[in-house]
Amino acid sequence: MLTRVCSRLRIICKLPESQKKHCVYKKGCHRALIYPTMLLDFCSKCAPHCWKCGSEIQNSTLFCSQCTTLQKPNEKNYFDILGIEQSFEVKDKELKTKYHKLQNVLHPDRFNAKNVEERDISERYSALVNKAYSTLLHPLARGLYMLQLHGVNLDEETRQSDPQFLAEIMQANEELAEAQHPEDVKELDNANRSTVEKLIRDAARAFSTGDIDAAKKVLVKMKYYSSIGTRIKDMKQKIGIE
Amino acid sequence: MSLFNTVSKKACGNLLRSRTTSISNPVLFYHPNVLDHYENPRNVGSLDKNDKHVGTGLVGAPACGDVMKLQIRVDENGKIIDAKFKTFGCGSAIASSSLATEWVKGKTVEEASKLKNTDIAKELCLPPVKLHCSMLAEDAIKAALSDYKIKQESPDKEHDSKASG
C-alpha cells in the first residue's frame with residue numbers, strides 16, 4: 001500500500017540525505033499515507049517536479065511547462081497560495097483580484113475534458129483557494145490564522161480571566177437581549193462595529209511590530225465582540241431590519 | 001499540518017452555530033438532554049451581586065466568544081438555596097450552565113465545589129468538541145464559590161441583606 005501510494009506521487013526529490021526526512025516526496029513517508037491533506041505540505045527545499053511527466057517546475061507555476069498538466073498545490077500557507085504578502089493589513093482589492101485570477105484557471109469546470117487525476121487536483125486546489133480566500137478576507141479569521149502560523153491556538157485556551165472585560169461583554173450581551181426597539185439594536189450594532197474596527201487597527205499594529213502576545217490579546221477581544229456581532233445580525237433578521 | 005487543523009476546526013464550528021438564550025429555534029445535531037435545557041433553561045436570571053450571601057462567577061471562553069455568569073445564594077448553614085445563570089453562547093454552554101444551577105441548588109458549598117465538568121458532560125452527552133462548554137460551567141461554579149468565600153472572609157460592612165435580589 002505504502003509503495004503504491006508513493007509511486008503514484010512519482011517521487012523524484014533529490015535532497016541531501018540529511019534533509020530527506022523532512023520531505024514528503026521521500027519514499028515510504030508515513031505521514032503522506034495517514035494524512036492525505038499532508039500531501040499539500042510539500043518540501044520547500046527541493047524544486048518541485050511535475051507529478052505527471054517529471055519535468056522540473058520553474059517559479060512554482062500552476063501548470064507544467066512541458067505537458068501543461070495542473071500541478072498539485074505546494075505552497076506553504078494561505079498567503080503564498082494566493083500570492084500576497086504575509087501581513088495583517090491585506091488589501092481587499094488585491095486579494096479579490098488574485099482570488100478571481102486563480103479560480104479562473106483552477107475551477108473544476110475547466111477540467112471536464114481532462115483525466116480523473118487532474119480533475120481531482122483541480123477540485124482540491126480550487127477548494128483550498130476558496131478556503132484561503134475566505135480566511136484571509138475576514139479580519140478575525142485572518143488574525144487567528146496568523147496566530148496559528150506563529151504556533152498560537154486560541155482553541156487551547158478555555159478561560160478568560162479579566163473580570164472587568166468579561167463584565168463589559170456580559171453587559172453588551174444583556175443590552176442586546178433587552179433591546180426593545182429597532183433603533184436600540186441599530187445603535188448597539190454601530191457601537192459594536194466601531195469597537196471591532198478599533199480592534200482591527202490594534203491587531204494591525206501588533207502584527208506589524210511582531211508583538212504576537214499583544215495580537216493574541218486583541219484577537220481574543222475581537223472574538224467576543226464578533227460573537228456579539230453575530231447575535232446582533234440574528235436579532236436584526238428576527239425583527240426584520242436592514 | 002496547520003492547513004489540516006484549520007479546515008477541520010472550522011468545519012466543526014460551522015456545524016454547531018452559536019445561539020443566545022433568547023432565541024428558541026430548534027437546533028439540529030444536539031442531544032435531547034441539551035435541547036431540553038436549551039429550550040427550557042432553568043434558573044435564568046440574576047441575583048444581587050453586592051449581597052454578602054451571593055457569590056458571582058463570571059467566565060468566558062476565548063475560543064468561541066461565549067460568556068457565562070453563574071450566581072449562588074448561600075444561607076447561614078452554608079447551603080446553596082438559590083442559583084441563577086445567564087449565558088450568551090452555544091446550546092451546549094447554555095445547557096451546561098442551566099444544569100449546573102439545578103445541581104448546585106440544595107447542596108452545601110463544600111459539596112458544590114466537588115462538582116465536575118465530566119458529570120455535566122456525561123449527563124448532557126456532549127460530544128468531544130463541546131467538552132469545553134462543560135468546563136466553562138465548572139469554572140463558573142468554582143468562581144462563584146470563591147467569590148462567596150472571599151466575601152465571607154472579608155469584613156464587609158456595606159451590604160448585608162438577605163431579602164434583596
Side-chain angles (χ1 to χ4, degrees), chain A residues 31 35-38 40-41 73 75-78 81 127-128 131-132 134-135 140-141 144-145 148-149 151 153-174 176-179 216-217 219-231 234-235 238, chain B residues 1-14 17-25 44-46 49 56-71 85-90 93-94 117 128-140 142-143 146-147 150:
Chain A
R31 291 195 303 170
Y35 300 114
T37 335
M38 281 300 295
L40 303 173
D41 191 20
E75 274 82 3
K76 277 283 174 205
N77 65 45
Y78 290 167
I81 286 166
L128 183 64
K131 182 77 204 157
S134 61
T135 305
L140 177 65
L144 292 174
Y145 178 69
Q148 269 192 9
L149 293 180
N153 203 338
L154 288 191
D155 289 8
E156 286 153 19
E157 316 249 332
T158 50
R159 63 182 77 206
Q160 164 79 23
S161 50
D162 180 352
Q164 207 181 338
F165 173 71
L166 281 174
E168 201 180 303
I169 292 297
M170 196 75 203
Q171 200 193 334
N173 273 305
E174 281 175 342
L176 177 65
E178 285 156 16
K216 185 180 141 188
K217 282 181 187 141
L219 284 165
V220 164
K221 285 190 177 178
M222 215 195 282
K223 177 80 208 181
Y224 282 102
Y225 282 106
S226 137
S227 294
I228 296 175
T230 312
R231 274 162 217 149
D234 286 350
M235 177 78 108
K238 211 173 95 185
Chain B
M1 196 61 210
S2 69
L3 287 176
F4 181 65
N5 269 345
T6 331
V7 174
S8 61
K9 268 166 196 159
K10 273 283 147 63
C12 296
N14 287 341
R17 269 269 157 92
S18 290
R19 298 285 163 123
T20 66
T21 38
S22 56
I23 297 169
S24 62
N25 296 334
V44 175
S46 289
K49 68 175 184 332
T56 302
L58 190 54
V59 291
C64 46
D66 289 359
V67 58
M68 184 183 285
K69 182 174 80 175
L70 195 147
Q71 294 180 302
F85 85 95
K86 245 184 202 184
T87 295
F88 295 94
C90 66
I94 291 166
N117 79 291
V129 287
K130 291 274 133 182
L131 283 182
H132 68 272
C133 298
S134 61
M135 283 182 219
L136 202 58
E138 185 190 319
D139 284 350
K142 295 241 160 77
S146 136
D147 181 55
I150 290 168

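Letters A, B, ... mirror the listed sequences (proteins, then strands); counts begin at 1. These values consider heavy atoms only, across backbone and side chains, with no hydrogens, waters or symmetry-generated copies.
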Heavy-atom neighbours of B/K69 NZ exceed 12 at 6.0 Å: yes
A/A132 versus chain B, the contacting section by heavy-atom distance below 4.5 Å: neither
For A/V220 against B/P62, the heavy-atom pair lying closest together: CG1-CB, 3.8 Å
Residues forming a salt bridge (Lys or Arg N to Asp or Glu O under 4.0 Å) with A/K217, sequence neighbours excluded: A/D213
Spacing of CZ belonging to B/F88 relative to CE belonging to A/M170, to within rounding of 0.5 Å: 5.0 Å
Least distance between heavy atoms, B/G65 atom then A/K223 atom: N-CG, 3.8 Å
Donor-acceptor contact below 3.5 Å, side chain A/S227 vs main chain B/C64: yes
Counterpart residues, salt bridge (Lys or Arg N to Asp or Glu O under 4.0 Å), relative to A/E168 (two or more places apart): none
Smallest separation among heavy atoms of B/L58 and A/L166, with atom names: O-CD1, 3.5 Å
